Amino acid sequence: MVNFALTCISLFISIDGSCLDTHYDETIAFDSIVYPRLTVNPKKDATGKENKSAGTTKLDGLSGYYIHVPEQAVGKTRVPLVLMLHGGGRNGSAEMSKFSVLADKYGFILLTASSMTPGRWDVITHIASRRSSLQSTEEGIKPYGFKPQDVTRLDSALRYVLKNQVIDPARIALVGLSDGGSYSFFLGRSNLDVFSRVAPLSGLIPLYGEGPSTQFFISGGLGERDIIKQVIRMAAIFRAEGHAVKTQVGLRGHVDHVVDEDFVWEWLASSWKDPKVTSVTPPAKDSSVLLTTDALEKLTNFWNEFFQLPDTIRNKSRMNYQREIWVRVGAE
């Protein structure tokens with residue numbers, strides 16, 4: 001088990017029929033009346049003529065919002081845009097400081113945002129404050145009366161960037177981890193005409209919506225056992241809706257490392273390179289490994305022990321042995 005886990009730092013799961021038992025005692029679902037629709041229209045609003053200079057700047061009039069233009073994006077060629085939503089307790093500045101290196105590596109413009117309530121997106125706050133009084137149905141809890149102020153700010157930021165930078169309207173991505181992953185479900189699934197790629201990472205709350213075809217990258221860490229079950233469950237739902245989904249299980253806890261997010265950005269680059277590809281298929285020599293509930297339990301236990309090792313040992317292992325394999329998901 002030790003050798004397997006160390007050499008399989010990143011497990012990309014290919015779901016082919018049966019899956020783990022993914023029952024949740026409490027599932028959050030949203031009625032269509034609370035889905036936040038953006039007013040930005042990339043095809044019409046992408047009117048920027050030139051990315052004039054490289055670097056990181058604050059967005060005028062939007063506190064906590066930052067944009068980073070890499071050197072290779074300077075000029076008049078349309079480039080992709082990645083909107084990144086922070087996790088709980090973080091902000092746009094922290095995300096920019098950490099992940100602008102990926103924007104530089106891939107040549108994508110990066111937009112980071114801060115929630116109005118410091119460290120927490122409004123729908124997460126709404127659920128936490130009104131959980132006991134929210135209506136519970138077979139589908140879950142429905143937060144009636146929710147007014148998404150963060151969505152209004154995100155809408156303004158996207159429109160500003162589209163009008164002032166040279167953005168490819170067909171290559172706009174939404175990425176977030178933890179609370180940001182939940183908000184990516186919330187915002188992305190009701191605006192699939194805006195985002196051609198949505199990557200909810202370790203999202204704690206599954207939020208439902210509908211829209212045109214979009215590709216998803218959904219991930220969890222071995223230190224997040226219940227989130228992994230949610231990841232597999234949501235991937236199955238998205239595939240049933242006709243979306244292409246890449247599912248990742250990484251050797252990590254509930255944290256965001258640049259080396260892990262690099263998988264997401266590499267996926268963005270490769271999937272946008274050939275937009276005709278609408279499904280994710282395993283290599284010819286698929287792994288014989290079968291991921292079952294028992295195997296997941298053992299992997300999680302190993303990860304919890306691995307997590308206790310000194311940072312120097314753990315990070316060295318992650319950097320030296322990180323690779324991609326495909327595994328099938330077994331029944332309960």
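Everything quoted here is computed from the prediction, not taken from an experiment. Along the sequence shown, the residues carry numbers beginning at 1.
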Exercise. Kindly write out the residues that satisfy salt bridge (charged side-chain N to carboxylate O under 4.0 Å, His left out) with Arg90, not counting sequence neighbours, or none if the list is empty.
Key: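 Salt bridge (charged side-chain N to carboxylate O under 4.0 Å, His left out) check on Arg90 returns Glu95.
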Heavy-atom side-chain contact between [X] and [Y] under 4.5 Å:
X: Gln165; Y: Lys52; result: no
X: Val258; Y: Phe99; result: yes
X: Trp267; Y: Gln248; result: no
X: Asn51; Y: Val79; result: yes

Exercise. Look only at the side chain of Arg153 and the backbone of Ser114, and say whether a donor-acceptor pair between them is shorter than 3.5 Å.
Key: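 Here the side-chain-to-backbone pair exists.
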Quiz item: Any salt bridge between Arg37 and Asp193, counting N to O under 4.0 Å?
Solution: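 Looking at Asp193 together with Arg37, the answer is yes, because their closest N to O distance falls below 4.0 Å.
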Quiz item: So among Gln215, Glu266, Arg171, Arg197, which one has a side chain to side chain donor-acceptor pair (under 3.5 Å) with Ser271?
Solution: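 Per the side chain to side chain donor-acceptor pair (under 3.5 Å) rule, the option paired with Ser271 is Arg197, out of Gln215, Glu266, Arg171, Arg197.
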Quiz item: Is the Phe217 to Trp265 ring centre distance short of 6.0 Å?
Solution: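 No: the rings miss the under 6.0 Å criterion.
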Quiz item: Just how far is it from atom CG of Leu201 to atom CG of Leu177, taken to the nearest 0.5 Å?
Solution: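 Reported value, rounded in 0.5 Å steps: 5.5 Å.
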Exercise. Please identify each residue that fulfils ring-ring contact (aromatic ring centres under 6.0 Å, His included) with Phe216, with sequence neighbours left out.
Key: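 Scan of Phe216 (ring-ring contact (aromatic ring centres under 6.0 Å, His included), adjacent residues dropped) gives Phe238, His243.
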Exercise. Please check if any side-chain donor atom of Asp262 sits under 3.5 Å from a side-chain acceptor atom of Tyr106, or the reverse.
Key: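 Distance-only check passes for Asp262 and Tyr106.
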